[in-house]
Amino acid sequence: MSKISSKILNYLDIIFFIVFISIKLLCFGGQIETGYFSYKNLFSPVFASVIILASLAFLFNTKGRRKFLFICNLIISLFIIIDLNYFRYFKDVISIPAIINGLLLGPVKSSIENLFKATDLLYVLDLVVFSILRKHSKYGKRYSKKYSKKVNLPFSQRLVPFLCLFILGASMNTVSFIKLSKEQPRLISTMYNKVYIAKNLGDLNYHYLDIFNFLSNSISKKAPVSAQAQEEVKGFLQTNSEKPTENLKGAGVGKNLIVIQVEALQAFPINRKVNGVEITPNLNKWIKKSAYFNNYFYQTAAGGTSDAEFLSNNSLYPTDSGSVTYMYTGNEFNALPKAMVNEGYTTAAFHGYRESFWNRNIMYPKYGFQNFYGEKSYNIDEKIGLGLSDKSFFNQAFEKIKALPQPYYSFMVTLSSHFPYDDVTKYGDFNVEDLDGTLVGNYLKAIHYTDEQLGMFLDKLDKEGITKNSIIVVYGDHYAIPKKNDKELAKFLGTNGFTDLQWMELQKVPMLIHFPNDKHSGTYPIYGGQIDLYPTLANMFNLPSSNMMGKDLFNSKQGKVIFRNGSFSDGNMFYLSPQNTYYDIKTGQAIQENDNLKNAKEATINQLEYSDLILKHNLIKKFNEN
Ligand code: GP9
Ligand code: MN
């Protein structure tokens, strides 16, 4: 027998492993793809992920190598089957936090039986067939006899092929990961759309990432936190909760609370017109009869919408990379819904998209939402962009809210005005003139549509008398127009461009609090952000407010807004960390750093660190225990 064929026979186990696992992963990719799928695009990352694993097999002796490959094949095949069934139920792939949270043993268990398909077993067919052939067929027996002896190959014969295969796989994967990071900058660090990663990098690469993220988070959380650091955090939280006045204390007690987080509602469309037509006539109307905060900033980071939900319901800063909803699933939170439950409220969250997106199905119950009406709770009778239209969402959610035992806290997250706002034909006929076809033009159409649906919903609450015994909050979750489209936005706003300070000042979202009978209406110009909503509501509903990084906006003398990247403002000056420059907001001029400003910058970094310590070391749990 030629040298080559005996070499091939010698490494047949590795060759078969690479071929069969690549085929399984490509088939899986085709099964979870819901739109356009190309085996060609997926082949490279899949093949790379498999040869990285196969390369490790060379480090074993022949017997160990076969065992290693068999076990890897079995685990990968089982994970593919699990992911397939999890996808059928959650339209997502499983993650370590999901497994740890026992999600598999939760409501899904009962449905696994009728989700599982006999064809899923095809993913383990090769293992069964090869085991039978090796034991019972003539060639199989001969191969086993000849090649199953334990041979310790010389180390060079193992190291060289290992390195060649590993480096090939790692380089191919680096290209694929960089391509995906460019396409979706937040995706790899936040893992907010796990199935997207599996679809584009292959299920094996997705699980590599999931394991890496989980381990790196666990390690950073494991380092013990000193008693001194804990005392420092507690001391800050204590002083931060003190306030000079008690305006509106208890104003919401016993009333329902409806909080509406509007997808990509940035502040610049408010009270603006295109061609004489208001972009957001309903918000403009409701702002006039509510307490309106016109210097309210979004403070989200890589966690996008989930950061806005976390900030608003926990008054803690989001993580600087990744997302809380993925990284801290094991933490304890003293969130707004939990505090409301302790006051006898029914709590419910409403969102017309996949329950597992941003791990909401795991995190919402941890925040204290007793009910989560996700995609499966609605009749998907009309879709815009990512999913259920805001019109249908508001109509269906309205009926569910009406049926809730009172008093209730309902938290609603809209969807239709989601980037890149390209489902334009469904947004109605708002004329954006020469902005037609541009991102800004499409956004204006989208937010005009969402404003219309929101207006109808609020008017319905009014008509049903719900506004008479409810506090209603509306705010935007994050920006709508990214920096790369700043020229388009400048043109729409009638300016040549934006200084760094002007651009930062644009990163506001509207926030209104409507009281029964339009009481306390007016504009509140205090500088604040999403982290301040919870303490502001805690004052109104007499909730405990000792573990919050934010301020009560009705009872703070001085504005304060801090951003995840270390920028901050007090309403008079703005420090932009990317430029490491302080600005006078009124004049727009840069100002020299002085001791006060230096201390303010120091305090900002401290507060971000305190918030990170709370998350990393689950300090809320420790504080609650003490
Ligand atoms: C999906 C929606 C969008 O559920 O919340 O999230 P985003 O992409 O804006 O973070
Ligand atoms: Mn969003």
Side-chain angles (χ1 to χ4, degrees), residues 34 90-93 95 180-181 183-197 259-267 269 296-313 318-319 321-327 349-364 367 369 372-378 380 383-390 392-394 396-397 411-423 439 442-443 446-447 449-451 453-454 474-482 507-511 529-530 533 564:
T34 42
F90 282 113
K91 293 278 179 288
D92 202 5
V93 280
S95 64
L180 185 63
S181 300
E183 189 194 308
Q184 294 274 10
R186 308 183 315 202
L187 187 62
I188 291 198
S189 65
T190 61
M191 311 271 294
Y192 69 90
N193 194 346
K194 301 187 279 294
V195 75
Y196 192 95
I197 295 175
V259 176
I260 306 165
Q261 176 179 294
V262 182
E263 177 58 36
L265 172 61
Q266 202 166 341
Y296 191 82
F297 291 80
Y298 67 85
Q299 296 165 287
T300 59
T305 302
S306 72
D307 279 355
E309 298 167 20
F310 176 68
L311 279 149
S312 305
N313 282 289
T319 56
S321 77
S323 74
V324 173
T325 56
Y326 180 75
M327 296 164 68
F350 302 79
H351 183 51
Y353 193 52
R354 289 201 320 253
E355 285 77 358
S356 58
F357 203 86
W358 285 125
N359 265 353
R360 287 186 175 105
N361 51 334
I362 293 173
M363 290 307 268
Y364 276 3
Y367 292 166
F369 284 115
F372 172 27
Y373 299 103
E375 185 181 51
K376 284 184 186 50
S377 307
Y378 307 95
I380 309 296
K383 290 182 97 167
I384 294 184
L386 284 178
L388 184 65
S389 71
D390 286 347
S392 185
F393 168 67
F394 275 123
Q396 295 185 60
F411 179 61
M412 307 173 79
V413 178
T414 70
L415 183 64
S416 296
S417 50
H418 190 276
F419 184 84
Y421 327 108
D422 54 1
D423 217 349
L439 181 80
N442 291 348
Y443 171 64
I447 208 67
Y449 161 83
T450 293
D451 172 78
Q453 314 318 320
L454 174 66
V474 180
Y475 68 87
D477 66 347
H478 49 63
Y479 69 84
I481 306 299
Q507 305 315 305
K508 294 172 188 170
V509 290
M511 194 277 271
Q530 293 163 327
L533 181 62
R564 185 64 251 191

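Order of appearance sets the numbers: ligands from 1, and atoms from 1 within every ligand.
With 2.8 Å as the limit, His418 does not count as an N, O or S neighbour of the Mn ion (ligand 2).
Of all the atoms in ligand 1, the ones that sit under 4.0 Å from a non-hydrogen atom of His418 are 3 (C), 6 (O), 7 (P), 8 (O), 9 (O). Interface of Gly304 with ligand 1, defined as ligand atoms under 4.0 Å from a residue heavy atom, comprises 10 (O). With ligand atoms numbered from 1 in the order given, ligand 1 contributes 1 (C), 2 (C), 4 (O), 5 (O) to contacts under 4.0 Å with heavy atoms of His351. Proximity to His478 (heavy-atom distance under 4.0 Å) selects the following atoms of ligand 1: 9 (O).
Remark: the Ser312 side chain and the Tyr475 side chain contain an N/O donor-acceptor pair separated by less than 3.5 Å. Defined by atom type and a distance below 3.5 Å, a donor-acceptor pair is present between the side-chain atoms of Glu263 and His478. Donor-acceptor pairing under 3.5 Å is lacking for the side chains of Glu355 and Tyr364.
The heavy-atom pair separating Val262 from Ile447 by the smallest distance is CG1-CD1, 4.4 Å. Nearest heavy atom pair, residue Gln530 against residue Asp477, reads NE2-O, 2.9 Å.
With Ser416 contributing its side chain and Ile384 its backbone, the two residues share no donor-acceptor pair below 3.5 Å.
In this structure, Arg354 falls outside the shell of residues with a heavy atom less than 4.0 angstrom from ligand 1.
Restricting Asp477 to its N/O/S atoms, the shortest distance to the Mn ion (ligand 2) is reached by OD2.
Note: angle at the Mn ion (ligand 2), from OE2 of Glu263 to NE2 of His478, is 90° (rounded to 10 degrees).
For the pair Glu309 and ligand 1, the shortest N or O to N or O distance does not fall below 3.5 Å. Geometrically, ligand 1 and Asp477 share no nitrogen or oxygen pair separated by less than 3.5 Å. Ligand 1 has no nitrogen or oxygen under 3.5 angstrom from a nitrogen or oxygen of Tyr353.
The aromatic ring centroids of Tyr378 and Phe393 lie less than 6.0 Å from each other.
Neither the backbone nor the side chain of Phe419 has a heavy atom within less than 4.0 Å of ligand 1.
Applying the ring pair (Phe, Tyr, Trp, His ring centres under 6.0 Å) test between Tyr443 and each of Phe419, Tyr421, Tyr479 identifies Tyr421 as the sole match.
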